[in-house]
Amino acid sequence: MKAINNIDPETNQKALTVVLLLAVAIVVGNTWLAFRSIDVLVDSENWVQHTLQVINQVERIMSSAKDAETGNRGFLITGEDRYLEPYTDALRQIPAELDVFGKLTSDNQSQQDRLVELRAASGQRLDLLAKGIAEKRKGANVNELQLLVLSGTGKEEMDHLRRIADDMESEERRLLVTRVEDARKNSQRARWTTALASALDLILLVFMFRYLAEEREMRLERERTAAQLATAKMETDAKAAEIHKLNEELEARVRLRTAELETTNRELEAFSYSVSHDLRSPLRTIDGFSLALEEDYADAVDEVGKDYIRRVRTGVQRMGQLIDALLQLSRITRAELVRERFDMREVALSVVAEIKLGMQATSVANGNIAGATPVTFEVDGGPEAFGDPKLIRVALENLFGNAVKFSSKVAAPAVQFGWDDDAESWFVRDNGAGFDMFYASKLFNAFNRLHGDKDFKGSGIGLATVARVVRRHHGKIWADSTVGRGATFWFTLG
Ligand SMILES: Nc1ncnc2c1ncn2[C@@H]1O[C@H](COP(=O)(O)OP(=O)(O)OP(=O)(O)O)[C@@H](O)[C@H]1O
Ligand SMILES: [Mg+2]
């Protein structure tokens with residue numbers, strides 16, 4: 001049923017038409033066969049009737065002949081005319097009856113031949129009877145007449161007549177046997193044919209019934225499926241409309257929240273910028289006056305006092321650095337992002353050059369002209385970058401700065417910058433102190449430091465700045481490391 005279901009309605013309609021035409025053809029064929037066998041049966045029945053009629057006709061002729069004979073005899077014996085009545089009737093009837101017989105057996109040559117013979121024989125017989133009557137009227141002797149008409153030639157003629165009639169009858173009886181047998185066979189055949197036709201019609205009827213029932217079931221199934229599909233479609237449409245509405249609501253909420261967040265962010269940025277900025281001036285006052293105190297009033301305070309003044313100055317400087325770092329972080333967020341194509345290698349080399357200069361300056365300041373940490377730099381830019389080179393420079397300054405800082409305690413510090421084809425990202429690698437990967441996710445939050453200030457100085461703002469630069473480019477940043485075996489920082493630019 002399912003297989004038929006898949007047939008398209010048009011093909012189904014065509015198949016139905018073909019089946020119906022076939023059924024009509026079978027029914028018409030069956031009816032024709034039944035009619036035909038009935039025709040044959042009627043035909044053979046007619047032949048039987050016809051044969052019986054012929055036999056009957058022979059008997060009639062013979063009966064008329066006998067009537068003529070009897071009448072004639074009565075007259076010959078009595079001489080009374082009233083006995084001639086059957087004779088005259090027979091005389092009139094016999095030719096007509098012979099004609100009827102002739103017509104009835106016109107298709108049978110042997111009967112026609114016998115008819116000729118019968119006509120002649122009956123003619124002779126009647127002639128003889130007529131002669132007898134004529135003789136009687138003339139007053140002939142009865143015995144002589146009897147001798148003439150009823151015995152001798154007369155009897156021979158009558159026997160001849162009977163023989164011909166017998167032959168005719170036996171011919172017809174022989175035909176009757178064949179025709180009755182034919183009729184019997186035809187009747188049987190008609191019965192079989194009708195039974196077969198009816199059986200075929202019945203089978204056809206059952207088949208058609210089943211076919212139509214299946215067809216109906218299929219149509220109902222199709223209607224059910226169509227209804228289900230329509231309902232499903234309506235439900236889907238309703239759900240789609242609902243989802244669309246929800247999406248729109250969500251988008252509106254996201255837009256609202258984003259706008260709120262942007263406003264809050266801008267306010268916070270403005271706040272932290274102005275705080276950092278405004279803190280600088282009182283800090284400068286403290287720095288200036290503490291320096292004046294240290295230089296101009298050195299004699300006025302004892303060693304403990306001098307230590308306190310030094311600590312104040314160290315704290316002030318540290319705070320100054322913190323404010324600088326915060327201001328830079330704030331600037332990164334506020335600065336407009338201007339993307340362009342640039343060579344990452346160039347930026348990296350310039351950062352390295354600046355770091356080297358800074359290291360030299362520190363060594364000179366410390367009186368160590370040769371330089372305490374001979375760092376090996378290896379720079380390879382990778383593909384052309386697309387971003388804001390100024391911001392990228394700030395990020396690289398921090399990453400290189402960290403690499404140099406956290407490898408400063410190893411014997412042969414080495415810093416490597418380059419592009420990784422597999423990771424499709426840039427990286428800054430060093431062979432320094434490394435960090436515990438457990439805290440890797442915290443590194444990029446401001447003020448999070450994994451190393452103590454005693455080992456490595458810093459304010460914990462650098463990586464937060466780098467993360468902001470990368471985020472503003474819609475890129476990604478991550479790190480991996482093994483404690484004591486260096487660290488690698490990776491980034492992409494979106
Ligand atoms: N190359 C590195 N090797 C090992 N640890 C690192 C490295 N880079 C960063 N870290 C860890 O991540 C922390 C945060 O780094 P970040 O640059 O933000 O701060 P910082 O360098 O300590 O201070 P700042 O950069 O503000 O002067 C560092 O304190 C350090 O513990
Ligand atoms: Mg740093």
Side-chain angles (χ1 to χ4, degrees), residues 261-262 265-277 279-280 320-362 375 377-406 415-420 423-430 443-448 458-479 488-494:
L261 276 173
E262 274 170 0
N265 250 353
R266 265 197 305 277
E267 281 170 9
L268 269 175
E269 287 302 331
F271 174 74
S272 64
Y273 183 80
S274 58
V275 166
S276 314
H277 199 260
L279 280 177
R280 275 178 157 276
Q321 283 164 2
L322 253 175
I323 288 169
D324 283 349
L326 277 171
L327 273 174
Q328 194 186 41
L329 185 65
S330 183
R331 266 198 296 271
I332 296 295
T333 317
R334 296 154 68 93
E336 198 193 339
L337 186 94
V338 187
R339 274 192 191 253
E340 62 183 76
R341 305 209 171 270
F342 67 95
D343 186 357
M344 190 68 95
R345 188 166 176 271
E346 258 176 40
V347 180
L349 282 174
S350 110
V351 171
V352 168
E354 200 178 273
I355 287 175
K356 278 183 179 166
L357 260 177
M359 284 165 72
Q360 271 176 16
T362 318
V375 185
F377 288 99
E378 197 185 310
V379 174
D380 174 22
E384 192 182 40
F386 182 60
D388 188 328
K390 280 195 199 112
L391 292 184
I392 300 294
R393 192 191 155 85
V394 174
L396 287 187
E397 277 168 10
N398 276 291
L399 290 172
F400 274 105
N402 282 350
V404 169
K405 177 160 63 179
F406 293 101
V415 175
Q416 190 192 352
F417 174 76
W419 167 263
D420 188 293
E424 290 188 334
S425 47
W426 284 278
F427 64 89
V428 178
R429 183 171 291 141
D430 65 69
L443 294 182
F444 302 98
N445 295 336
F447 304 117
N448 276 354
S459 35
I461 298 288
L463 281 183
T465 313
V466 176
R468 265 192 206 186
V469 170
V470 170
R471 208 182 305 136
R472 289 209 60 192
H473 281 85
H474 305 295
K476 277 193 221 154
I477 182 157
W478 69 100
T488 306
F489 285 79
W490 307 84
F491 68 92
T492 65
L493 291 183

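These numbers were taken from a predicted model, which means no experiment stands behind them.
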Which atom of [X] lies closest to which atom of [Y], heavy atoms considered:
X      : Y      : answer
Ala385 : Leu493 : CB-CD1, 4.3 Å
Val466 : Ala395 : CG2-O, 3.6 Å
Asp388 : Glu336 : OD2-O, 3.5 Å
Pro389 : Val347 : O-CG1, 4.5 Å
Leu391 : Leu337 : CD1-CD1, 3.6 Å
Gly401 : Ile355 : N-CD1, 4.1 Å

Measure the spacing between [atom1] of [X] and [atom2] of [Y] and express it to the nearest 0.5 Å.
X      : Y      : atom1 : atom2 : answer
Trp419 : Asp380 : CH2   : CG    : 11.0 Å
Asp430 : Phe406 : CG    : CZ    : 9.0 Å
Met344 : Glu384 : CE    : CD    : 11.0 Å
Leu279 : Ile323 : CG    : CD1   : 4.5 Å
Ile461 : Asp324 : CD1   : CG    : 11.0 Å

Looking at [X] and [Y], would you say the former's side chain and the latter's main chain have a donor-acceptor pair under 3.5 Å?
X      : Y      : answer
Asn398 : Val394 : yes
Arg429 : Thr488 : no
Thr492 : Ser425 : no
Asp420 : Ala423 : yes
Ser330 : Leu326 : no
Arg472 : Ile332 : yes
Arg331 : Tyr273 : no

Exercise. For Ile392 and Phe342, run side-chain contact (heavy atoms from CB on, under 4.5 Å): C-alpha distance rounded to whole Å, both residues' side-chain angles, the deciding distance at 0.1 Å, then the answer.
Key: CA-CA 10 Å; Ile392 300 294; Phe342 67 95; 3.8 Å; yes
For the residue pair [X] and [Y], establish whether any side-chain heavy-atom pair is separated by less than 4.5 Å.
X      : Y      : value
Leu399 : Leu463 : yes
His473 : Phe386 : no
Phe447 : Leu322 : yes
Glu269 : Phe271 : no
Gln321 : Ser459 : no

Quiz prompt | Geometric class of the Phe427/Trp490 ring pair [parallel <30°, tilted 30-60°, perpendicular >60°] | solution =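 Judged by the thresholds at 30° and 60°, the geometry between Trp490 and Phe427 is tilted.
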Exercise. Could you label the plane-to-plane angle of the Trp426 and Phe491 rings as parallel, tilted or perpendicular, counting under 30° as parallel and over 60° as perpendicular?
Key: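 Parallel.
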Practice problem: Could you tell me which residues satisfy side-chain hydrogen bond (donor to acceptor under 3.5 Å, both in side chains) with Gln328, sequence neighbours excluded, listed by chain and number? | Solution: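 Residues passing side-chain hydrogen bond (donor to acceptor under 3.5 Å, both in side chains) with Gln328: none at all.
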Quiz item: Per the side chain to side chain contact (heavy atoms under 4.5 Å, CB included) rule, which among Phe377, Phe417, Phe400 passes with Val351?
Solution: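 With Val351 as partner, Phe377, Phe417, Phe400 yield a single side chain to side chain contact (heavy atoms under 4.5 Å, CB included), made by Phe400.
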